[in-house]
Every structure is written in C-alpha cells, then in structure tokens.
Amino acid sequence: MAERPEDLNLPNAVITRIIKEALPDGVNISKEARSAISRAASVFVLYATSCANNFAMKGKRKTLNAGDVLSAMEEMEFQRFVGPLKESLEVYRREQKGKKEARKDKDKKTDSEEQDKSREEENDDDDERLEEEEQNDEEEVDN
Amino acid sequence: RGKMAARLSGGENRLVSLPLSRIRVIMKSSPEVSSINQDALFLTAKATELFVQYLATYSYKHGRGKEKNALTYSDLSHTAEECETFQFLADILPKKILASKYLKMLEKEKRDGELGEGDEDEEEDDEAVED
C-alpha cells in the first residue's frame, strides 16, 4: 500500500484534544505548536517501533509483542510510561476478551462492513475489529 | 455515526483515543518490521498519547509561552534542544531564526571564507548581528 504523506500523520482533532486535556484550562495552543506536536508524535511512533523491533530481533521473533514495546520505552528513557501502560494493557486485554465472547454469539451479518481495510477510520471499535479480523494473536501476513 | 460521535466526545472514557489503524500505518512504514501483534499495537498507540501529554506539559512548564498563557512552537523547540529525553526531536523541531539574522550569518560566513579564516572564527555570539 502506497502511503500518502498525510497517512503518516495523526488526526488533528485527537491530538488537539489530548494536548488540551493535559494542559491547564484556557491555555492557548498555537496551530504551529499543535502541528509540531503531531509531527513529533509520528516520529515517536517510528522511533518506538524501530526500538521495539530491535528487541524482537534479539529474541529471534518476527512479530513485535507487548514486551518489546515496553522494553523500547525503557530504552528510550520513557520509563515513566511503563506502569500506566501495563495497567492499560490489562484493561485492554479484558475488553478484547469480552468483545470476542460477545461476537461469538452475534450474527455474522456485519462482516461485510469490515471488508474495506484501507479506509481511514476514527472509530476505535471498527479499528479493533479490523485488526482482529486480520490477525489473531500473531500476525503472519507481510504487507 | 452517532456511536462514533459519542466515543470521540467522551475523551477520558475511552481507553485510547488515537486510531489504531493509523498508528499501524505508521509502524508498518518501517521496512524492517514484519508483523505487529495486537497488544503491541495498542501499547504503541497508548504510549504515543502519553508522549503527547508529556511533551506538551513539559514544554509548557519549562517554556516562556506560559507568560502569555500559551504553548508555543518555541517552547517545544526549546524542549527538544534542552531535554535529553526529547533530543530525538531536535531535527524536526529546529529553533527558528529571523530571516534577517540568517542573511547576516550567511554574509559573515562568506566574508570569513574570503579572508581565508576557515573555521577559526568560531565565536558564535547569538546576538552578534548588527541591528
């Protein structure tokens, strides 16, 4: 899939909201600052991915896993993230498990809506379902 | 979609706000990465959110923008330069310089080159421009 430059950017609305929620009320964020943070976030993803991948390779694995990402955070000097990330992960795993069980009971008629994976979506629900359709726990497909 | 609108507005209620599909696109743009497991994808998205929060609050706290109740580009650039943890951002958050100063720097470099001084003239006074 050929990525257009904007595909490597994160949605402005979401970035802005995250920033606003982090700063004290009423602080003005210049458009330039917002744009810069967005770019920084994309770079962060790349850096984290590269770092995590090194750990995966060290472990002779081709698939990045949770441990690799956590190790990457330590390596990148973002140890402060590790605690909160582990907690979030637990919640996420429980959520995923709940969803899987709910879906087993559900009728499969909604599957046709999930075919188009190249569509950009802001809805996490759909994102997660797409991800799950594509892979179980280990993703073997090479893009 | 009503459901999506509700999810987007309830920022603090969602586990992660950044779309996993987009995060995945960025991760996959790295040629050396073959596959990403679901948990790793989630963690990367979540970590990115934490990163955005951290970068914003750190820059605000240590910058001068807050004198005017704002977070400015300059605050961010300053953070990238001064804080080791954020130094990987230095290239994409360069310090800005007035065009007039830059032109003067170019002129000075040219003059130094003509005089054959090469690298000797290393005195980099930030304010060495004549106004």
Side-chain angles (χ1 to χ4, degrees), chain A residues 3 7-8 10-11 14-15 17-19 21-23 26-30 32-33 36-37 39-50 52-53 62-66 68-70 73 77 81 84-85 88-89 91-92 95 120-124 127-128 130-131 135 137-140 142-143, chain B residues 1 3-4 7-8 11-12 14-30 32-44 46-57 59-60 65-66 68-73 75-77 80 84-86 88-89 92-93:
Chain A
E3 286 109 17
D7 287 344
L8 299 185
L10 293 161
V14 180
I15 294 287
R17 176 154 45 81
I18 298 170
I19 299 169
E21 284 173 0
L23 294 176
V27 173
N28 185 41
I29 304 136
S30 72
E32 222 184 352
I37 293 178
R39 278 182 285 125
S42 296
V43 170
F44 174 83
V45 174
L46 290 170
Y47 183 17
T49 302
S50 175
N53 196 55
K62 286 177 125 187
T63 305
L64 294 194
N65 65 25
D68 298 328
V69 177
L70 293 172
M73 291 303 119
E77 292 180 42
F81 293 172
L85 285 176
S88 296
L89 183 60
V91 178
Y92 179 71
E95 261 186 20
E120 289 186 326
E121 291 177 295
E122 303 262 341
N123 189 331
D124 255 13
D127 287 346
E128 291 171 35
L130 284 176
E131 299 299 336
Q135 59 187 107
D137 284 324
E138 295 276 323
E139 187 199 309
E140 298 297 338
D142 201 355
N143 256 18
Chain B
R1 285 152 90 179
K3 191 176 169 197
M4 175 159 71
R7 293 278 247 156
L8 284 177
E12 284 159 48
R14 329 178 68 180
L15 195 49
V16 64
S17 311
L18 290 168
L20 298 190
S21 60
R22 196 79 69 89
I23 296 283
R24 192 163 180 276
V25 166
I26 302 171
M27 292 177 85
K28 290 286 254 180
S29 73
S30 282
E32 71 267 13
V33 170
S34 20
S35 8
I36 305 157
N37 109 359
Q38 188 66 7
D39 287 349
L41 175 59
F42 168 78
L43 282 181
T44 303
K46 192 68 190 169
T48 305
E49 280 184 23
L50 296 177
F51 169 78
V52 168
Q53 290 167 354
Y54 187 27
L55 176 60
T57 52
S59 301
Y60 182 70
K66 66 173 173 299
K68 305 222 160 134
N69 202 38
L71 177 66
T72 65
Y73 174 85
D75 296 333
L76 298 165
S77 169
E84 210 184 289
T85 311
F86 292 106
F88 70 96
L89 298 172
I92 61 148
L93 300 177

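The chains referred to below are lettered A, B, ... by the order of the sequence lines, with proteins before strands, and numbering in each begins at 1. All heavy atoms count here, side chains included; hydrogens, waters and symmetry mates do not.
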Visitor: Kindly assign one of parallel, tilted or perpendicular to the pair B/F88 and A/Y47, based on the angle between their ring planes and the thresholds 30° and 60°.
Guide: tilted

Visitor: Is it the side chain or the backbone of B/L43 that comes within 4.5 Å of chain A heavy atoms, both, or neither?
Guide: both

Visitor: Tell me, for B/I92 versus chain A, whether the close heavy atoms (under 4.5 Å) come from the side chain, the backbone, both or neither.
Guide: both

Visitor: How long is the gap from CG on A/L85 to NZ on B/K46, to the nearest 0.5 Å?
Guide: 8.0 Å

Visitor: Compare every heavy atom of A/I37 with every heavy atom of B/A56, then report the nearest pair and how far apart it is.
Guide: CB-CD1, 4.2 Å

Visitor: Decide yes or no on side-chain contact (heavy atoms from CB on, under 4.5 Å) for B/T72 and A/E32, but give the supporting numbers first.
Guide: CA-CA 7 Å; B/T72 65; A/E32 222 184 352; over 6 Å; no

Visitor: Quick one: closest heavy-atom pair of B/D39 and A/A66, and the distance?
Guide: CB-CB, 3.9 Å

Visitor: Taking all non-hydrogen atoms of both residues into account, name the closest pair between B/A40 and A/L64 and its distance.
Guide: CB-O, 3.5 Å

Visitor: Could you check whether atom CD of B/E32 has more than 12 heavy atoms from other residues, nucleotides or ligands sitting under 6.0 Å from it?
Guide: yes

Visitor: Please state whether the side chain, the backbone, both or neither of B/L55 comes within less than 4.5 Å of a heavy atom of chain A.
Guide: side chain

Visitor: Taking everything shown except B/K66 itself, do over 12 heavy atoms lie less than 6.0 Å from its NZ?
Guide: yes

Visitor: May I ask you to decide if the ring planes of B/Y54 and A/F81 are parallel, tilted or perpendicular, using 30° and 60° as cut-offs?
Guide: perpendicular

Visitor: Let me know if B/L93 has heavy atoms under 4.5 Å from chain A in its side chain, its backbone, both or neither.
Guide: side chain

Visitor: B/Y73, B/F86, B/F51: which one forms the most heavy-atom pairs within less than 4.5 Å of chain A?
Guide: B/F51

Visitor: Name the region of A/D68, side chain, backbone, both or neither, that has any atom closer than 4.5 Å to a heavy atom of chain B.
Guide: neither

Visitor: Of all of A/I29, A/I15, A/V43, which one pairs up most often with chain B through heavy atoms under 4.5 Å apart?
Guide: A/V43

Visitor: Does the pair A/N28 and B/N69 meet the rule for a side-chain contact (heavy atoms from CB on, under 4.5 Å), with working shown?
Guide: CA-CA 6 Å; A/N28 185 41; B/N69 202 38; over 6 Å; no

Visitor: To the nearest 0.5 Å, tell me how far A/I19 CD1 sits from B/S59 OG.
Guide: 10.0 Å

Visitor: Let me confirm one number: the OG-CG distance from A/S30 to B/L76, rounded to the nearest 0.5 Å.
Guide: 7.5 Å

Visitor: What I'd like to find out is whether the side chain of A/V45 reaches to under 4.5 Å of the side chain of B/M27, using heavy atoms alone.
Guide: yes

Visitor: Among B/I23, B/L89, B/T57, B/T48, which residue forms the greatest number of heavy-atom pairs with chain A at distances under 4.5 Å?
Guide: B/T48

Visitor: For a quick test of reading the model, state the closest non-hydrogen atom pair linking A/E77 to B/T85 and the distance between them.
Guide: O-CG2, 3.5 Å

Visitor: May I ask you to name which of A/L70, A/L46, A/N53 has the most heavy-atom pairs under 4.5 Å with chain B?
Guide: A/N53

Visitor: Do A/T49 and B/I26 come within less than 4.5 Å of each other through their side chains, counting heavy atoms only?
Guide: no

